[in-house]
Peer 1: 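Submitted below is the structure of interest, expressed as structure tokens.
One is the number of the first residue; the rest follow in order along the sequence.
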Amino acid sequence: MPNYLSPGVYVEEVEAGSRPIEGVGTAVAAFVGLAESGPFNTPTLVTNWSQFTQTFGGFAPGSYLAHSVYGYFMNGGGACYVVRIGGDGNGHVDEQARAALTAGAAATDGAKVGGYRVLALEAGEAGNHITVEVADASEGAPEETFKLVVKRGGKVEETFDNLSTKKGRQNAVTVVNAQSKCIRLEDLGLASEPLTRSEVALAGGGAPAVATVSLAPDDYVGDSADRTGFGGLESVDEITMVCVPDLMAAYQQGAIDLEGVQAVQLAMIAHCELMGDRVAILDPPPGLNAQQIKEWRVDKAGYDSKYASLYWPWVKIFDPSTGTNTLVPPSGHIAGIWGRNDDTRGVHKAPANEVIRGALSLETNITKSEHDLLNPVGINCIRAFPGRGIRVWGARTLSSDSAWRYLNVRRLFNYLEESILNGTDWVVFEPNDPALWAKIRRSIAAFLVNEWRKGALFGNTPGEAFYVKCDDETNPAEGIDAGQVVCEIGVAPVKPAEFVIFRLSQYSGGTSLVAE
């Protein structure tokens, strides 16, 4: 208190009885994978697709990172952090990773034909035996069209007739990249370059840019001390979702087996459980049917965690880098839907029954009976509905605990815990007395009332939705002597109407409808 030494009128500013608690962000994703350029093992904030391409490059064959980030922004995702792996801490390519990580890596491979570069899909000696002949198209074809003949050891392997350098269905890049099992074409942007009839050999076996992904599980997991892999994400508190889409690229190319996939995903789950404020979005292995994905989930990858979720099947999207449609793991698109759901409805709403923007079709269209097998084991299915598009049709965690079965419950508690934690820093070192306990109760109760009004908590009144207890019962003398102030908070979260049941019965006056 100030001293008043002379007569007069004095004005004092005093603090209010409670301090407001501000809600934290709930939809900030983290992506770990391979990119054409950019810093290695440094969580880099990206807020839009243009910023991603300027920092990490565009779509690259052999990598799903760019596709996932693009799907994230397309589906309503906001800010995200991107970690490029495959290099050491000084920004140099890790030779032990054995991965061609830049677009220029294949620039000296293959052969140039007119305005195109022809690359062999098989690197090394196998690719050196491939030759490509540019010949005249069949009789009756337009004059500007041509034919590509792919040979291996002098024997014709593939023939592509009536190709054109113009855009359209017969565009050479579009046709060859969609159908060929031997070569890939790259448009060098030299439209005026004449396409002479000739034959070239693919010396060097030019593999695609971002060629074979030969990273080991440790490259993905990383280390928190060295700030590598997703271990380096421990230093970024804002992250609420973790995705590693390029893990499946390594699996497809044989660099990591199923046991390696499980090792990385278990490390993702451990990371999220350790941090306690984020959820892992796991991708399933490609090419599995409903029975196989259930067996993989239950018998092999027996994950049990309230901090992880699994979505299946893969989604087919348009690939701007090749001009064709391709299958990609769903984690990036799902993360974007989580962000969109949080913005439009709130984190308490289950992120399901939402359309996946950019999805053309699915790797597998499942039936209801197949879905009945998958939903109980925590596999969130993506389904195509006639006239309603492709939608997320599941909102479960991978936990066997029924209290943490639903994703929105887990993410709501993450939000409440983080918000209360950040909003009560002022309590530290305050006098531990009944006046402090009352301030804590008022601050937390005011915050939870707002959440109840938003529909995040279940109950007709605030008293039914939550309670806050901070008094001499929770703070006995021995606790006060130890410097502790204990506040108990109980909340009743809303849970999704996963099973909507209508019971119809017939009676003499008409039809009665009761909804549960």
Peer 1: Is it true that Glu354 and Arg340 have a side-chain N and a carboxylate O under 4.0 angstrom from each other?
Peer 2: yes
Peer 1: Report the C-alpha distance between Asn375 and Trp393 in whole Å, list the side-chain angles of each, state the deciding distance to 0.1 Å, and finish with yes or no for side chain to side chain donor-acceptor pair (under 3.5 Å).
Peer 2: CA-CA 9 Å; Asn375 192 65; Trp393 212 246; over 6 Å; no
Peer 1: One pair to check against side chain to side chain donor-acceptor pair (under 3.5 Å): Arg388 and Asn353. What are the steps and the verdict?
Peer 2: CA-CA 10 Å; Arg388 299 181 60 220; Asn353 199 2; 3.2 Å; yes
Peer 1: Apply side chain to side chain donor-acceptor pair (under 3.5 Å) to the pair Ser331 and Asp283, showing each step before the final yes or no.
Peer 2: CA-CA 6 Å; Ser331 58; Asp283 291 309; 2.9 Å; yes
Peer 1: Quick one: pull up CG in Asp401 and OG in Ser305 and give me the separation to the nearest 0.5 Å.
Peer 2: 11.0 Å
Peer 1: Could you check Val491 against Trp452 for side-chain contact (heavy atoms from CB on, under 4.5 Å), going step by step and ending with a plain yes or no?
Peer 2: CA-CA 10 Å; Val491 297; Trp452 169 73; over 6 Å; no
Peer 1: Applying ring pair (Phe, Tyr, Trp, His ring centres under 6.0 Å) between His67 and each of Phe318, Tyr72, Phe59, Trp314, report the one that passes.
Peer 2: Phe59
Peer 1: Please determine whether the number of non-hydrogen atoms from other residues, nucleotides or ligands lying under 6.0 Å from atom CZ of Phe413 exceeds 12.
Peer 2: yes
Peer 1: Do Met268 and Val244 have side chains that approach each other closer than 4.5 Å (heavy atoms only, starting at C-beta)?
Peer 2: yes
Peer 1: What distance do Asp277 atom CG and Ile239 atom CD1 have between them, rounded to the nearest 0.5 Å?
Peer 2: 8.5 Å
Peer 1: Could you check whether Asp319 and Thr324, counting side-chain N and O atoms only, form a donor-acceptor pair closer than 3.5 Å?
Peer 2: no
Peer 1: Are Val427 and Leu436 side-chain neighbours, meaning at least one heavy-atom pair lies under 4.5 Å?
Peer 2: yes
Peer 1: Counting only heavy atoms from other residues, nucleotides and ligands, does the tally under 6.0 Å from OH of Tyr81 exceed 12?
Peer 2: yes
Peer 1: What are the two closest non-hydrogen atoms of Ile379 and Ile293, and how far apart are they?
Peer 2: CD1-O, 3.9 Å
Peer 1: Stepwise, does the side chain to side chain donor-acceptor pair (under 3.5 Å) test hold for Tyr406 with Glu498?
Peer 2: CA-CA 10 Å; Tyr406 297 110; Glu498 188 177 22; 2.6 Å; yes
Peer 1: Is the closest side-chain heavy-atom distance between Phe56 and Val69 below 4.5 Å?
Peer 2: no
Peer 1: Hey, are Arg396 and Asn380 close enough side-chain-wise for a donor-acceptor pair under 3.5 Å?
Peer 2: no
Peer 1: Check whether any side-chain heavy atom of Ile382 sits under 4.5 Å from a side-chain heavy atom of Ile334, and report yes or no.
Peer 2: yes
Peer 1: Indicate whether the side chain of Ser63 and that of Asp246 have a donor and an acceptor atom separated by less than 3.5 Å.
Peer 2: yes
Peer 1: Measure across Asp257 and Tyr251 and return the closest heavy-atom pair with its distance rounded to 0.1 Å.
Peer 2: C-CD1, 4.1 Å
Peer 1: What residue pairs, at least two apart or across chains, pass side chain to side chain donor-acceptor pair (under 3.5 Å) with a residue in residues 410-423?
Peer 2: Tyr307-Arg410, Asp342-Arg411, Arg410-Asn414, Tyr415-Glu451
Peer 1: Flag the pair Leu34 / Leu65 as yes when at least one side-chain heavy-atom distance between them is below 4.5 Å, and no otherwise.
Peer 2: no
Peer 1: With no hydrogens and no angle check, do the side chains of His333 and Arg357 hold a donor and an acceptor under 3.5 Å apart?
Peer 2: no
Peer 1: To the nearest 0.5 angstrom, please state how far the CG atom of Asn325 sits from the CD1 atom of Ile317.
Peer 2: 9.0 Å
Peer 1: So, taking the atom named CG in Leu398 and the one named CH2 in Trp404, what distance separates them when rounded to the nearest 0.5 Å?
Peer 2: 15.5 Å
Peer 1: Decide whether Thr42 and Thr44 meet the rule of one side-chain donor and one side-chain acceptor closer than 3.5 Å.
Peer 2: no
Peer 1: Decide whether Tyr220 and Gln265 meet the rule of one side-chain donor and one side-chain acceptor closer than 3.5 Å.
Peer 2: no
Peer 1: Using side-chain contact (heavy atoms from CB on, under 4.5 Å), reason through Cys487 and Val468 one step at a time and then give a plain yes or no.
Peer 2: CA-CA 7 Å; Cys487 178; Val468 181; 3.7 Å; yes
Peer 1: Return the minimal non-hydrogen interatomic distance between Pro285 and Leu258, and the atom names on each side.
Peer 2: CG-CD2, 3.7 Å
Peer 1: Taking atom NZ of Lys294 and atom CG of Leu374, what is their separation to the nearest 0.5 Å?
Peer 2: 7.5 Å
Peer 1: Could you walk me through whether Cys80 and Phe73 pass side-chain contact (heavy atoms from CB on, under 4.5 Å), step by step?
Peer 2: CA-CA 9 Å; Cys80 67; Phe73 288 123; 3.9 Å; yes
Peer 1: So, do Ile440 and Ser443 sit near enough that their side-chain heavy atoms are less than 4.5 Å apart?
Peer 2: no
Peer 1: Can you measure from OG1 (Thr367) to CG (Asp372) and round to the nearest 0.5 angstrom?
Peer 2: 8.0 Å
